[in-house]
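On a predicted model such as this, the values are computed, not experimentally measured, just so you know. All chains are named by letter (A, B, ...) in the order of the sequence lines, taking the proteins before the strands, and each is independently numbered beginning at 1. Every heavy atom of this structure was used, including side-chain atoms; hydrogens, water molecules and symmetry mates were not.
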There are 2 protein chains.
Amino acid sequence: MSGRASPRNDQARQPTSYDVAQAAGVSQSAVSRCFRPGGSIAPETRARVLKAARELGYQPNAIASGLKAKRSNLVAVLISNLTNLYYPEVLAGLSRRLNASDNRVLLFALETEDEVDAALDQVWRYRVDGAIVAARLQAAQLRAFQRHRVPVVLYNRLSDGPDPVPSVACDSPGGERMLVDRLLAGGHRRFGLICGPEDNTVGRSRVEAARARLGAAGLTPAVTGGSFDHDSGAQGFRRLMTQSGNALDAVICANDLMAIGAIDAAREVYGLDVPRDVSVVGFDGVGPAAWASYRLTTVRQPVDRMTEAAVSMLLERVADPELPPEVRTFAGKLVPGGSARLG
Amino acid sequence: MSGRASPRNDQARQPTSYDVAQAAGVSQSAVSRCFRPGGSIAPETRARVLKAARELGYQPNAIASGLKAKRSNLVAVLISNLTNLYYPEVLAGLSRRLNASDNRVLLFALETEDEVDAALDQVWRYRVDGAIVAARLQAAQLRAFQRHRVPVVLYNRLSDGPDPVPSVACDSPGGERMLVDRLLAGGHRRFGLICGPEDNTVGRSRVEAARARLGAAGLTPAVTGGSFDHDSGAQGFRRLMTQSGNALDAVICANDLMAIGAIDAAREVYGLDVPRDVSVVGFDGVGPAAWASYRLTTVRQPVDRMTEAAVSMLLERVADPELPPEVRTFAGKLVPGGSARLG
């Protein structure tokens, strides 16, 4: 259930609380009480309003209702790998948009994903209005959000749980398929893959998608592990060269930072020319990927659109906790760069 | 008044509240009440205790006193240029240390330094225990911290005001002098400087120190502006080449990101070899400076020590608002790298 094209579109055709009141046969103030956290309203009235709202596709104005309601205006942002070059841009975008809507960021910068539980204890304690999580959540942790009635939106994380969770993500598999198809068209046949950390679902989905696409073309790539940083990319490249007997046409890395490390190793350790001797591609579109020394061929995530979507989805759910889960998936953009011979 | 050598040293010779009680002729509990925010104690007793504490150099255990006291355990972190590669490392360090001492980070990621006033309104509103500010504060804004009794520690920012403000900084002038001396010893004579943003005191202090040292050697460098990002470094390098009639021995950049941009421009636009044809140096020691394509000669800031100092200085002042201002300046470490011919 990939979500609505863009927030602008629905604002254009958004029904008003008056429409909902009409359809539900209640007063407009009943509608606004219904959508105001803590607003007092009879259960059956609330049920009628919510039914009408859903049928009409009504979205209350989260910010306006928020200002009327008793709220902490604190939004928890849980983010891991802050020193990974991708997340500072995400955090800056989330922070800018949350502040613009009169919300404050309670930051939890996690070094490892097992720090989530400690962070969540504080999230409950500070009575945040909601949370945006760019770290892996276990099913039990997701249930805790429901139990504490704290709306949550996952950023680039797939949920482990059985139930759908409001999420914003870049279409990693789609992006990898673009890359693989263009590399195949460019005549590459001997592939190597450098994975992300094992507990990282995004990295895994990227590698699995590339692997599947290569498999469909009858190719079996050499595969090695990595940890999303520059050095693990350089080391991964060396392991792939060994595994493949120095016979690699193209190396697909689960993120840009490892791809940059792989390019450095290809040039430094093996004196290879990129892309003449070997093509290297990444994923994310971080700033350094565009630097003249790398001109990385990669898939750029639409971070602006994604952070905008995450914040608006969260504020909608702060105003109306009853909104159904929604997953919004954004296509990445292929940046041809100069580190791969694409067909 | 450059601060104590290292936190470890003073813990070793730190006097106890018992010593203070003895010297002040009061009970030990009076000492602890004196250092507990909101602790009830007679003004003259408080004065005696503080006098004795200052004479003995007594530092209360901020964390322990904090836990006993009524506090929000919220610390505001104001930080600009989050997408500058240096600040994510700083924010991660501050966040890790604040969380470890049971404090939460209320993040204000500023895009421009003129967003400070809006952020401060929120800082007061959320009754934070204190603030760490890596953005420029005007004298009036510093006074507002005093007025609201919110302890503040400046991170790598010099205060505009007349009064000293608790600050942690890297010795930028000292670092630049190291670089200039080694470049002079390496035989460079025709220098170019790429500055940081005009309103950035740190960037200015770096450029002024380099300029003064060169002036003392009878040299007048070509100077051009920059904005701390990669592209402004590349553009700055081109302007310097024009200004100097393509006669540059060495380019000194106010930060690493601009130095990396300058190296890319030297290679790409002019086909120069770095450092054979031109030496390029930066400042900060960010991750990419060490990448094989750059091996930047730079001065590395001791971010771990600096963030540790900022957090401990702040928590000391949360526990004892009467502590006198203190400026702790840390020397940077010259990283020879491979982008400059040092003597």
What part of A/S293 gets closer than 4.5 Å to chain B, counting heavy atoms only: side chain, backbone, both or neither? both

Portion of A/L257 that has a non-hydrogen atom of chain B nearer than 4.5 angstrom: side chain

Check each atom of A/L85 against the heavy atoms of chain B and say whether the ones under 4.5 Å are side chain, backbone, both or neither. side chain

Heaviest contributor of heavy-atom pairs below 4.5 Å to chain B, chosen from A/H230, A/E115, A/E111, is A/H230

If you count heavy atoms of other groups shown closer than 6.0 angstrom to CZ of B/R238, is the number above 12? no

Mind checking which of residues 264-275 of chain A sit less than 4.5 Å from chain B, heavy atom to heavy atom? A/D264, A/R267, A/E268

For atom CZ of B/R149, decide whether the heavy atoms of other residues, nucleotides or ligands shown that lie under 6.0 angstrom number more than 12. no

Please list, chain by chain and in numerical order, all residues satisfying side chain to side chain contact (heavy atoms under 4.5 Å, CB included) with B/Q141, sequence neighbours excluded. B/V116, B/D117, B/L120, B/L137, B/Q138

Region of B/Y87 that comes under 4.5 Å of a non-hydrogen atom in chain A: neither

Is there a side-chain contact (heavy atoms from CB on, under 4.5 Å) between A/N73 and B/Y126 once you walk through the steps? CA-CA 10 Å; A/N73 290 80; B/Y126 279 84; 3.2 Å; yes

Of the backbone (N, CA, C, O) and the side chain (C-beta and beyond), which part of A/I263 lies under 4.5 Å from a heavy atom of chain B, both, or neither? neither

Is the closest basic N to carboxylate O distance between B/D129 and B/R127 below 4.0 Å? no

Pick from A/L91, A/L110, A/V77, A/N99 with the largest number of heavy-atom pairs that fall under 4.5 Å of chain B: A/L91

Please determine whether a side-chain nitrogen of the Lys or Arg among A/R300 and A/E89 lies less than 4.0 Å from a carboxylate oxygen of the Asp or Glu. yes

Which word best sums up how the rings of B/Y155 and B/Y86 line up, parallel for under 30°, tilted for 30 to 60°, or perpendicular for over 60°? tilted

Please work out which of the three classes, parallel, tilted or perpendicular, describes the rings of A/W124 and A/F145, given edges at 30° and 60°. perpendicular

So what's closer than 4.5 Å to chain A heavy atoms on B/I260: side chain, backbone, both or neither? side chain

Flag for B/R97-B/N103: side-chain donor and acceptor within less than 3.5 Å: no

Between B/R96 and B/D304, does any NZ, NE, NH1 or NH2 come within less than 4.0 Å of an OD or OE carboxylate oxygen? yes

